[in-house]
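Taking it in order: structure first as structure tokens, then the write-up.
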Amino acid sequence: FSSQVATVTEYGAFIKIPGCRKQGLVHKTHMSACRVDKPSEIVDVGDKVWVKLIGKEMKDDKLKLSLSMKVVNQGTGKDLDPNNVSLDQDERKKRTFRDYTSQKITLEAVLNTVCKKCGCKGHFAKECFVQPGGTKYSLIPEEEEEEVAAAGHERDKKTSLADDSSKKRKK
């Protein structure tokens, strides 16, 4: 609908709705397809603009109306987004990205399997890539397994050194 700008703020413009005492807000993100830093550069108080109602919300017993100028042709008043496709795309862009990098992924169901074809751990026979008589590959051990193996290896060294020193004393 065609309406008039009532006030301009740093975050948008309040628009008088014709035939109603209510005003709706055109946020600066809905003024133009381009980035708008200062709404006062786009509209002034008293300007005639075409707007489209894109949302309404009840907050503290007050009705808040959201309007958009960018989905309406400002020359003719024609709706440029009749199915609200661009509005849905804008909403998807606003959603926050969830960071899953801190979550550890374990593949125990696959890691504990043994291939019937080659005998290696970590895959099934249908996924086996070994040719008959070819090289066999297995999974790299995890850090915990390496630490346990290293600790066992050091213990073996200490016992062998102790055995060597006791043999020298006996002689």
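Predicted, not measured: the structure shown is a model, and the values here were computed from it.
Counting only heavy atoms from C-beta outward, the side chains of Pro39 and Tyr11 never approach each other to under 4.5 Å. A heavy-atom distance below 4.5 Å is found between the side chains of Phe1 and Val51. Side-chain atoms of Met31 and Val43, non-hydrogen and from C-beta on, do get closer than 4.5 Å to each other. Contact annotation: the side chain of Lys22 approaches that of Leu63 to within less than 4.5 Å [non-hydrogen atoms, C-beta and beyond]. Considering only heavy atoms from C-beta on, Val72 stays 4.5 Å or farther from Leu80 through its side chain. Side-chain atoms of Thr29 and Val36, non-hydrogen and from C-beta on, never get closer than 4.5 Å to each other. Within the 4.5 Å cutoff, no side-chain heavy atoms of Val5 are placed close to those of Phe14.
Few gaps surround CD on Glu57; more than 12 heavy atoms of other groups in view lie less than 6.0 Å from it.
Ile54 contributes atom CD1, which lies 12.0 Å from atom CE of Met69 (distance to the nearest 0.5 angstrom). How far NZ of Lys28 is from NZ of Lys38: 10.5 Å, rounded to the nearest 0.5 Å. To the nearest 0.5 Å, atom CG of residue Leu67 and atom CG of residue Leu53 are 6.0 Å apart. How far NE2 of His27 is from NE2 of His30: 8.0 Å, rounded to the nearest 0.5 Å. Note that NZ of Lys56 and OG of Ser66 are 11.5 Å apart. Values are rounded to the nearest 0.5 Å. Between the CG atom in Asp81 and the CG atom in Asn83 there is a gap of 7.0 Å [rounded to 0.5 Å].
Closest approach of Ser32 to Lys70, counting heavy atoms only: O-CD, 3.5 Å. For Ser86 against Val71, the heavy-atom pair with the smallest separation is OG-CG1, 3.7 Å. The two residues Ala6 and Gln23 make their nearest non-hydrogen contact at CB-NE2, 3.4 Å. Lys52 and Asn84 make their closest contact through NZ-OD1, 2.8 Å (heavy atoms, listed as atom of the first residue, atom of the second, distance).
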Hey, mind stepping through Ser3 and Val49 against side-chain contact (heavy atoms from CB on, under 4.5 Å) and telling me if it holds? CA-CA 6 Å; Ser3 56; Val49 293; 4.0 Å; yes
Test side-chain contact (heavy atoms from CB on, under 4.5 Å) applied to Val8 and Asp44, step by step: CA-CA 7 Å; Val8 180; Asp44 287 322; 5.7 Å; no
